[in-house]
**Student:** 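Starting off with a structure, shown below.
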Amino acid sequence: MPLALLALAVGAFGLGTTEFVMMGLLPDVADDLGISIPTAGHLVSAYALGVVIGAPLLAAVTARMSRRKVLIGLMGLFVIGNAASAFAPGEYTLLAARFVSGLPHGAFFGVGAVVATSLVAPERKARSVSLMFLGLTLANIAGVPVATLMGQHLGWRATFLGVSAIGLAAIASLALLIPHDHTQAPRVGLRGELAALRPLPVWLALGTTVAGFGALFSAYSYITPMLTDSAGYADSSVTLLLALFGVGATVGNLLGGRLADHSLRGTLFGGLTSLIVVLALFPALMSAQWSAAVAVVLLGTAAFVTGSPLQLMVMEKASAAPSLASSANQAAFNLANAGGAWIGGLALAAGLGATSPAVTGAGLAVLGLGVAAVAAVVDRRRAAVPAGRERVVASHLPEHAEAVRH
């Protein structure tokens with residue numbers, strides 16, 4: 001695998017660290033700024049909103065630029081946002097800084113996935129994407145716990161300065177290791193880029209991402225009360241258990257990349273089925289401490305097996321604008337984060353028990369599997385269209401639309 005993938009992984013490590021570390025810093029930030037913890041929780045939402053808005057927008061407006069320059073520029077924006085967070089004097093300036101920090105997140109992963117797949121042979125595309133995502137999963141093992149400890153001992157502002165330093169290291173790595181390029185994107189303009197997202201298979205792939213990862217976040221958002229109230233762990237043990245989730249996510253990510261190069265759709269179906277089983281068993285697994293620890297690892301593994309297949313599938317379905325489609329998938333991932341947490345919260349609010357968000361997540365995973373099955377049927381029917389008829393239809397399409405169709 002090319003060494004350039006290491007540069008993408010360093011950037012992913014920084015992005016993953018800053019995305020998830022705020023959850024552990026909320027009490028410190030709230031005390032320092034004189035606000036309540038629920039109000040401080042808006043800082044998490046501000047980052048996610050930045051991701052959802054920035055992912056398709058930045059990918060679209062930079063489609064004709066050198067992808068190497070785009071990646072470096074996105075990490076530059078990431079450094080600015082996190083440095084601004086460190087020096088923010090109050091709640092509203094910190095909200096704005098967190099929003100800016102989130103803007104480059106989805107576009108970086110989107111453009112980075114296109115660059116990663118362009119560096120390897122076709123039979124290794126999914127594996128290359130999984131190696132870029134390796135930085136994201138490793139952030140849950142090392143980046144987030146270390147950054148949280150730094151915030152607790154040196155102050156939360158030091159955490160964001162440390163994350164900014166990771167961003168600078170990523171910029172240096174990208175400049176040294178990513179080859180110079182000239183984008184091959186067709187000059188069809190923003191309207192043509194957006195047209196690549198119109199076909200039904202693209203939306204089915206994005207829908208699978210929302211439902212599948214919504215299942216994960218329905219459970220993961222409330223993993224702490226499950227571990228403390230159901231499994232009987234002390235609060236001090238939760239950080240270590242969350243690192244175990246990162247271990248499972250790393251294993252699942254690497255496994256999914258390797259398997260998807262052999263069978264993209266088979267890996268997706270297998271991952272979603274495994275996720276359904278794991279989430280359905282959560283109430284039983286949370287009855288003892290040892291099985292709860294196993295459940296946390298299995299949750300990360302089952303969920304992240306689907307990461308690389310979904311990213312690659314969206315890129316293939318919108319081949320006329322792979323950067324935009326890949327970035328849109330990251331926006332879908334963050335919608336899954338917000339939506340899954342909301343749905344899991346409804347189950348808790350209804351008094352269904354501490355493990356009810358996991359059961360709700362199993363239902364979302366079933367929905368994701370159903371959407372993936374519909375996508376498979378649509379693909380088969382499109383593949384069964386006679387070649388002559390396909391040419392006749394394509395001859396009436398604009399040039400960029402014909403590329404989208406294929």
Side-chain angles (χ1 to χ4, degrees), residues 19-20 23 26 38 41 44-45 48-49 51-52 140 203-233 238 241-242 244-246 248-249 252 256 268-289 291-307 310 329 331-375:
E19 180 179 21
F20 293 109
M23 286 77 158
L26 284 183
V44 177
S45 302
L49 182 62
V51 177
V52 173
N140 285 282
W203 285 99
L204 289 173
L206 292 174
T208 305
T209 296
V210 172
F213 278 97
L216 165 65
F217 287 109
S218 177
Y220 186 68
S221 300
Y222 305 98
I223 194 69
T224 296
M226 290 188 207
L227 291 170
T228 55
D229 297 347
S230 295
Y233 277 104
V238 171
L241 290 164
L242 294 183
L244 288 179
F245 172 83
L268 178 58
F269 284 166
L272 288 171
T273 301
S274 300
L275 185 59
I276 293 168
V277 173
V278 171
L279 289 171
L281 290 176
F282 243 61
L285 293 173
M286 285 291 159
S287 61
Q289 290 189 348
S291 57
V294 172
V296 171
V297 176
L298 292 177
L299 178 63
T301 303
F304 278 85
V305 161
T306 65
L310 281 170
N329 192 54
F333 179 86
N334 277 269
L335 286 175
N337 189 340
W342 176 68
I343 293 173
L346 291 178
L348 276 180
L352 300 179
T355 58
S356 60
V359 179
T360 304
L364 287 174
V366 171
L367 177 61
L369 185 60
V371 175
V374 171

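These figures come from a predicted structure and were not determined experimentally. Side chains are part of it too, since the values below use all heavy atoms of this structure and drop only hydrogens, waters and symmetry mates.
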**Student:** How close do Tyr233 and Ala293 get, counting heavy atoms only, and between which atoms?
**Tutor:**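 Heavy atoms only, the tightest pair is OH-CB, 3.8 Å.
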**Student:** If you measure from CG on Leu298 to CG on Leu285, what distance do you get to the nearest 0.5 Å?
**Tutor:**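 That separation rounds to 7.5 Å.
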**Student:** Given 3.5 Å as the limit, does a donor-acceptor pair link the side chain of Ser218 with the main chain of Pro357, or not?
**Tutor:**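 Checked: pair present.
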**Student:** With sequence neighbours excluded, tell me which residues meet side-chain hydrogen bond (donor to acceptor under 3.5 Å, both in side chains) with Thr301.
**Tutor:**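 side-chain hydrogen bond (donor to acceptor under 3.5 Å, both in side chains) list for Thr301, sorted by chain: empty.
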**Student:** Grab the two heavy atoms, one from Thr355 and one from Ser230, that are nearest each other, plus how far apart they are.
**Tutor:**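 Scanning both residues completely, I find the closest heavy atoms to be CG2-OG, 3.7 Å.
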**Student:** Strictly distance-based, threshold 3.5 Å: is any side-chain N or O of Thr273 a donor or acceptor partner for the main-chain N or O of Gly270?
**Tutor:**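 Here the side-chain-to-backbone pair does not exist.
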**Student:** With rounding to the nearest 0.5 Å, note down the distance linking CG in Leu275 to OG1 in Thr306.
**Tutor:**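 If we round to the nearest 0.5 Å, Leu275:CG and Thr306:OG1 are 7.0 Å apart.
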**Student:** Scan the side chains in residues 205-213 for donor-acceptor partners under 3.5 Å anywhere in the protein, sequence neighbours excluded, and list what turns up.
**Tutor:**
from   : atom 1 : to     : atom 2 : distance (Å)
Thr208 : OG1    : Leu204 : O      : 2.8
Thr209 : OG1    : Ala205 : O      : 3.4
Thr209 : OG1    : Asn329 : OD1    : 2.7

**Student:** For the OG1 atom of Thr360 and the CG atom of Leu346, what is their distance to the nearest 0.5 Å?
**Tutor:**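 So the gap between those two atoms works out to 8.5 Å.
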**Student:** Any side-chain to backbone donor/acceptor pair from Tyr220 onto Ala341? Under 3.5 Å, distance only.
**Tutor:**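 Such a contact is absent between Tyr220 side chain and Ala341 backbone.
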**Student:** Between atom CG of Leu299 and atom CG of Leu216, what is the distance when rounded to the nearest 0.5 Å?
**Tutor:**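 Separation between the atoms: 5.5 Å.
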**Student:** What's the shortest heavy-atom distance between Ala292 and Met286, and which atoms?
**Tutor:**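 So the minimum-distance heavy-atom pair works out to CB-SD, 3.7 Å.
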**Student:** Any chance you could measure Leu367, atom CG, to Ile276, atom CD1, to the nearest 0.5 Å?
**Tutor:**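 Answer rounded to 0.5 Å: 10.0 Å.
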**Student:** To the nearest 0.5 Å, tell me how far Asn337 CG sits from Trp342 CH2.
**Tutor:**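 The distance works out to 15.0 Å.
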**Student:** Give the minimum heavy-atom separation between Leu348 and Ala354, together with the two atoms involved.
**Tutor:**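 In terms of heavy atoms, the two residues are closest at CD2-CA, 3.9 Å.
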**Student:** For residues Ala358 and Phe282, report the shortest heavy-atom separation together with the two atoms involved.
**Tutor:**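 Residues Ala358 and Phe282, closest heavy atoms: CB-CB, 3.5 Å.
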**Student:** For a quick test of reading the model, state the closest non-hydrogen atom pair linking Ala288 to Ser291 and the distance between them.
**Tutor:**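 Reported closest heavy-atom pair: O-OG, 3.1 Å.
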